[in-house]
Amino acid sequence: MVSSGEEASTATPDTGDIMGRTRTRNSIVTLIAVCGIAALAPATPAAAAPAPFGSATKIVLDRSGGFAGKQESFVVDRTTVGGQRALRLAGSHRFKWLRNSYQPRNPCCDRYAYRVTVSYRGGFRKTVRTVQGTDAPKILWDVIGESERYGVRPFSPAPAA
């Protein structure tokens, strides 16, 4: 028996109810298919992914100190014969992740101080400072060694008379 205010339900489903369930089911299937395709496709091609730094284009190594207190500079760029390894190392992710400075625990003695400034395609620069004998990562010492070996020493201006 049906109480007042309540309607009796029919045993056969309403046509609108069946259409609504079918539409919902089709929407879910479509959504799953689209998500599956999106998950398999890369967001951007690897070549198009932007990098914060481009490749290294120039290295300027400034070396000062030592027993005589000399100051020298060495420049490596794309035209430097033998400088390709130094540029490749300076353009690597390992070099880009170096800290700005590696200093010795004990600053005594006559040692060379190094400042390595690398210019990258896109206008970015990175400078790393260290002192001879400091426990710095090998890649930094490799870039310093290659720059000293193959770098061009720019002409110093003549002293003012």
Side-chain angles (χ1 to χ4, degrees), residues 22-161:
T22 303
R23 189 176 313 134
T24 302
R25 190 175 314 130
N26 288 344
S27 297
I28 291 172
V29 169
T30 303
L31 180 64
I32 291 171
V34 169
C35 289
I37 292 170
L40 295 175
T44 58
F53 293 96
S55 58
T57 58
K58 184 178 182 180
I59 301 169
V60 177
L61 171 64
D62 294 312
R63 178 177 73 183
S64 62
F67 179 73
K70 294 173 72 175
Q71 292 188 342
E72 298 177 288
S73 292
F74 304 86
V75 178
V76 176
D77 63 17
R78 292 180 177 179
T79 64
T80 305
V81 176
Q84 292 74 23
R85 181 170 185 261
L87 290 171
R88 190 176 65 251
L89 289 169
S92 71
H93 290 290
R94 291 182 309 158
F95 187 86
K96 292 174 187 175
W97 280 95
L98 290 176
R99 296 189 321 241
N100 293 334
S101 180
Y102 294 90
Q103 299 301 315
R105 289 188 188 111
N106 183 356
C108 82
C109 311
D110 293 320
R111 303 186 217 187
Y112 282 117
Y114 297 98
R115 181 178 67 200
V116 181
T117 303
V118 181
S119 299
Y120 297 93
R121 185 178 303 143
F124 297 102
R125 283 192 178 165
K126 177 174 185 66
T127 300
V128 182
R129 298 171 195 270
T130 193
V131 175
Q132 184 180 20
T134 301
D135 187 24
K138 183 179 182 311
I139 191 161
L140 177 58
W141 293 116
D142 289 345
V143 169
I144 290 171
E146 291 289 309
S147 298
E148 286 176 324
R149 184 174 299 116
Y150 297 108
V152 176
R153 294 182 187 174
F155 293 108
S156 299

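Just so you know, these numbers come straight off a predicted model, no measurement behind them.
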message: When you measure from the side chain of K126 to the backbone of L98, do you find a donor-acceptor pair of N or O atoms at a distance under 3.5 Å?
response: yes

message: Keeping Y150 on the side-chain end and Q84 on the backbone end, is there a donor-acceptor pair under 3.5 Å?
response: no

message: Quick check: do Y102 and V128 have side-chain heavy atoms less than 4.5 Å from each other?
response: yes

side-chain contact (heavy atoms from CB on, under 4.5 Å) partners for [X], two or more places apart:
X    : value
Q103 : S101, R129, V131
R78  : S55, T57, L87, R121
E148 : L61, R63, F74, Y114, I144
V152 : T80

Between [X] and [Y], which heavy-atom pair has the shortest distance, and what is it?
X    : Y    : result
L89  : F95  : O-CB, 3.3 Å
A56  : G91  : CB-N, 3.8 Å
Q132 : W141 : CA-CH2, 3.9 Å
R125 : S119 : NE-OG, 3.5 Å
Q71  : S64  : CG-CB, 3.7 Å
A90  : V143 : N-CG2, 4.0 Å

- line: Contacts of R85 meeting salt bridge (charged side-chain N to carboxylate O under 4.0 Å, His left out) (sequence neighbours excluded), chain-then-number -> E146

- request: Could you tell me which residues satisfy salt bridge (charged side-chain N to carboxylate O under 4.0 Å, His left out) with D142, sequence neighbours excluded, listed by chain and number?
  value: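 For D142, the residues satisfying salt bridge (charged side-chain N to carboxylate O under 4.0 Å, His left out) (neighbours in sequence not counted) are K138.
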
query: Which pairs count as salt bridge (charged side-chain N to carboxylate O under 4.0 Å, His left out) when at least one residue sits in residues 98-109, sequence neighbours excluded?
result: none

- prompt: For residues 108-119, which residue pairs qualify under salt bridge (charged side-chain N to carboxylate O under 4.0 Å, His left out), counting only residues two or more places apart or in two chains?
  reply: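 Listed once each, the pairs are D62-R115.
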
field: Under the side chain to side chain donor-acceptor pair (under 3.5 Å) test, residues paired with S92 that sit two or more places apart
entry: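 Applying side chain to side chain donor-acceptor pair (under 3.5 Å) to S92 gives none.
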
query: To the nearest 0.5 Å, what is the distance between CG (L140) and OG1 (T134)?
result: 9.0 Å

